[in-house]
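Chain naming here is simple, since letters A, B, ... match the order of the sequence lines and numbering starts at 1 in each.
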Amino acid sequence: MRYTVAWMRIATWNVNSLKVRLDKLGWWIDRARPDVLLLQETKLTDAAAPREELARLGYEIAHHGQGQWNGVAIVSRAGITDVVTNFGLARAVPAAGDESGDAEPLAEARMIAARCGDVRVVSLYAPNGRVVDSPFYQAKLAWYARLEAWLAASCRPDEPLVLGGDMNLAPMDDDVWDAKACHGGTHVSPRERDAFNRLLAWGLVDLYRAKVSQPERFSWWDYRAGHFPKNFGMRIDHLLGTAPVAARARWVEIDREARKGKLPSDHAPVLVDLDEPGHPLDAGWEGAAARRKDREAGKKKPA
DNA sequence: ATGGTAGCGCTGCTA
């Protein structure tokens, strides 16, 4: 049933295989109860998207995948309309002979957009880039240029718009655990940061920077070498909002808890609450119950 | 000491 909510929670999460992460996803949806959840690296075909499982939780899914690599989705309980995939280009199909998954990012499943409630959302999975100045790095910059062109042609800075996803990019030096260790690599290079800053110049706000509501600095930690326990991470998963969204943002949180436990993704979810002061997820069950109660109180008659 | 894990899919690559 469609209803008007008193506030809205939008989250983004690179799940690194939706198939493997399905149980963890269910756990986190119950923990956070997002209205809209942007997913990356589902690694599924559209046919394999877990529609029934999510429907049981009260959510629809719009999925844009290619199997094996990449794959993005929008999960929503606030409606999903006006779906656009791959910047409106041809359907993503792995290029012939592409055994890498990121040789031709513009032909890959890295972008899906839709309208959910009164907000347009975009789920993004930027190419990794591998090595600065490699062909993969050039392709990453070309993908960012395509994103920029799509924004200019299809969106307005004065509409409620949220871009979220794994941007494979740390905007500032304190978004990485050791700027010296990362120097010279991808994710921190000036040309990548220029691309990010052009998104901001167009009219997007890094909601984490605007609302430092919670002290967690990073959203990704390498599986290897104990990087997570040592907190050797990066903030590469972002929620960017236009001014109308930024004005409504009350709380931003990176949920480190989701990186723990059995079968974690190497990324943690990032969430933003619009129109109401948020509560820390670690307020636990009582906090979650209170949020649910708040939501019930916010329900109105079907429109 | 310059490694390590995880996912995909079945060999070695990607991240």
Item to check | Separation of atom CD in A:Gln68 from atom P in B:dC13, rounded to whole Å | outcome: 14 Å

Item to check | Distance, rounded to the nearest Å, where A:Phe136 contributes CZ and B:dT14 contributes P | outcome: 6 Å

Next on the checklist: Could you tell me how far B:dA1 sits from B:dG12 if I compare only their C1' atoms? Round to whole Å.
Outcome noted: 26 Å

Between the protein and nucleotides 3-6 of chain B, list the N/O to N/O atom pairs that are separated by less than 3.5 angstrom.
none

Checklist outcome for this item: Whole-Å distance, A:Gln40 CD to B:dA15 P, equals 15 Å

Checklist entry - For A:Phe218, is the NZ or CZ atom of A:Arg235 found under 6.0 angstrom from the centre of its six-membered ring and inside 45 degrees of the ring axis? => result no

Checklist entry - If you find the nucleotide of DNA chain B closest to A:Asp266 and the one closest to A:Lys43, which residue's nucleotide is nearer the 5' end? => result A:Lys43

Checklist outcome for this item: note: A:Trp221, atom CH2; B:dA15, atom C1'; distance rounded to Å ~ 16 Å

Next on the checklist: Taking the six-membered ring for Trp, are A:His227 and A:Trp177 closer than 6.0 Å centroid to centroid?
Outcome noted: yes

Checklist entry - Whole-Å distance between B:dT14 P and A:Glu108 CD? => result 12 Å

Donor-acceptor contacts under 3.5 Å from residues 154-164 of chain A side chains, at least two apart:
from: A:Ser154; atom 1: OG; to: A:Trp150; atom 2: O; distance (Å): 3.2
from: A:Ser154; atom 1: OG; to: A:Trp150; atom 2: NE1; distance (Å): 3.4
from: A:Arg156; atom 1: NE; to: A:Asp158; atom 2: OD1; distance (Å): 2.8
from: A:Arg156; atom 1: NH2; to: A:Asp158; atom 2: OD1; distance (Å): 3.2
from: A:Arg156; atom 1: NH2; to: A:Asp158; atom 2: OD2; distance (Å): 2.5
from: A:Glu159; atom 1: OE1; to: A:Arg120; atom 2: NE; distance (Å): 3.4
from: A:Glu159; atom 1: OE1; to: A:Arg120; atom 2: NH2; distance (Å): 3.4
from: A:Glu159; atom 1: OE2; to: A:Arg120; atom 2: NH2; distance (Å): 2.8
from: A:Glu159; atom 1: OE2; to: A:Arg156; atom 2: N; distance (Å): 2.9

Item to check | Integer angstrom distance from the C1' of B:dT14 to that of B:dC10 | outcome: 15 Å

Item to check | Nearest-Å distance for atom pair CH2/P, residues A:Trp69 and B:dA15 | outcome: 9 Å

Checklist entry - side chain to side chain contact (heavy atoms under 4.5 Å, CB included) between A:Leu18 and A:Leu25: does it pass, once the steps are laid out? => result CA-CA 8 Å; A:Leu18 183 49; A:Leu25 181 75; 3.7 Å; yes

Checklist entry - Quick one: is the NZ or CZ of A:Lys24 closer than 6.0 Å to the six-membered ring centre of A:Trp27, and within 45° of its axis? => result yes

Item to check | Qualifying residues under ring-ring contact (aromatic ring centres under 6.0 Å, His included), relative to A:Tyr137, sequence neighbours excluded | outcome: none

Checklist entry - Of A:Leu18 and A:Glu41, whose closest DNA chain B nucleotide lies nearer the 5' terminus? => result A:Leu18

Item to check | Spacing between A:Phe228 atom CZ and B:dA15 atom P, to the nearest angstrom | outcome: 22 Å

Next on the checklist: What I want to find out is whether A:Arg31 reaches A:Asp255 closely enough, with some N-O distance under 4.0 Å, to be called a salt bridge.
Outcome noted: yes

Item to check | A:Gln66 CD - B:dC8 C1' separation (whole Å) | outcome: 13 Å

